[in-house]
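Reviewing the structure listed below.
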Amino acid sequence: ISTPLTLALFWSDLIYRRGRLLNREIIRQALVTGPLAGAISGAIAQAVYSIDLGSGLMKHVVLRSLCWGIMGGLLGWRLSTRVPNLGSLRGSIAGVIGGILGGLGFVGFITIFPEFLGRMAGVGILGAALGLAIVTVEHLSRTASMKVMWGPRETTTITLGAKPVSIGGGDDHVWLKGLPPRAFLVRIERGKVFCK
């Protein structure tokens, strides 16, 4: 379940930055990150469920949501590599928040619907909450940004920081057809914007 979710999140970031269609690198990253995040969080969930904790509320709501939070944290950590200047810590925190919300959605839906439908609804909530949490954390931690104006009502805002934001025709943060890869690098240093 985490593999298609990871692929969808990576692809949505690419679409936001007006990048090309999915490329091999993004598919490879999703095929590594997704199963790893699912396996780690699944193993922790199975270990937790094998322990008799007595309270059904503690086991089925709190711990289950925390396990979803672990998966979200791992996915947020990996997604932070795709979002310029987000940072792995902020990406992980946003992922944990999104994962816990997805887990709570899963728990809520399986009380009403069969577990399979609840799981699918939880994954949808996890993806939406993870994306929203990452955008919110990025926005709140932003000190400077670059606005790319594609048209009259279509813009992309990219956070600037110490890590350069690349503009070019390759696998760049801002993809512009006809430019060579990494044609421009924009960064913040000592409060000033530099473009190379």
Side-chain angles (χ1 to χ4, degrees), residues 2 5-34 36-37 40-41 69-102 126-196:
S2 61
L5 179 60
T6 305
L7 187 59
L9 288 167
F10 282 8
W11 195 8
S12 66
D13 172 61
L14 188 65
I15 290 168
Y16 176 71
R17 295 182 291 112
R18 298 217 13 166
R20 297 172 292 178
L21 295 175
L22 279 173
N23 57 46
R24 288 182 188 166
E25 181 60 22
I26 288 178
I27 293 170
R28 187 191 65 75
Q29 287 178 0
L31 291 176
V32 170
T33 301
L36 187 63
I40 291 170
S41 60
I70 292 168
M71 181 171 66
L74 291 168
L75 295 178
W77 168 66
R78 286 302 294 148
L79 189 60
S80 71
T81 64
R82 305 284 316 158
V83 179
N85 296 297
L86 175 61
S88 57
L89 178 63
R90 289 189 298 253
S92 298
I93 290 169
V96 168
I97 292 167
I100 290 172
L101 291 173
L126 169 63
L130 182 59
L132 182 62
I134 284 179
V135 168
T136 302
V137 167
E138 180 195 19
H139 184 71
L140 292 175
S141 64
R142 182 180 292 159
T143 56
S145 63
M146 174 175 64
K147 187 176 278 190
V148 181
M149 298 173 68
W150 303 103
R153 288 185 219 109
E154 190 176 359
T155 61
T156 300
T157 303
I158 298 175
T159 300
L160 295 176
K163 180 182 175 187
V165 173
S166 64
I167 302 169
D171 187 22
D172 294 281
H173 298 112
V174 178
W175 184 79
L176 295 174
K177 184 178 180 178
L179 286 179
R182 298 178 63 84
F184 298 94
L185 298 174
V186 182
R187 63 178 167 69
I188 294 282
E189 188 177 305
R190 292 186 298 275
K192 294 184 179 180
V193 178
F194 290 92
C195 180
K196 178 180 175 186

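Bear in mind that the values here come from a model prediction, so they are computed numbers and not experimental data. Heavy atoms only: backbone and side chains are in, while hydrogens, waters and symmetry mates are out.
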Quick one: pull up [atom1] in [X] and [atom2] in [Y] and give me the separation to the nearest 0.5 Å.
| X | Y | atom1 | atom2 | value |
| --- | --- | --- | --- | --- |
| Leu89 | Ile93 | CG | CD1 | 4.0 Å |
| Ile70 | Ile100 | CD1 | CD1 | 9.0 Å |
| Leu179 | Ile167 | CG | CD1 | 8.5 Å |

Would you please name every residue forming a side chain to side chain contact (heavy atoms under 4.5 Å, CB included) with Val193, sequence neighbours left out?
Leu160, Val186, Ile188
For residues [X] and [Y], report the shortest heavy-atom separation together with the two atoms involved.
| X | Y | answer |
| --- | --- | --- |
| Ser88 | Trp77 | CB-CD1, 3.4 Å |
| Pro164 | Leu185 | CB-CB, 4.1 Å |
| Gly87 | Ser80 | O-CB, 3.4 Å |
| Ala30 | Thr6 | CA-CG2, 3.8 Å |
| Leu130 | Gly95 | CD1-CA, 3.0 Å |
| Gly98 | Ala133 | N-CB, 4.3 Å |

Between Met146 and Val165, is there a side-chain heavy-atom distance shorter than 4.5 Å?
yes
Just so I know, are the side chains of Leu74 and Thr33 near enough to count as touching, which here means a heavy-atom distance under 4.5 Å?
no
So, [X] side chain and [Y] main chain: donor-acceptor pair closer than 3.5 Å or not?
| X | Y | result |
| --- | --- | --- |
| Asp172 | Arg182 | yes |
| Arg90 | Leu86 | yes |
| Ser166 | His173 | yes |
| Trp150 | Thr155 | no |

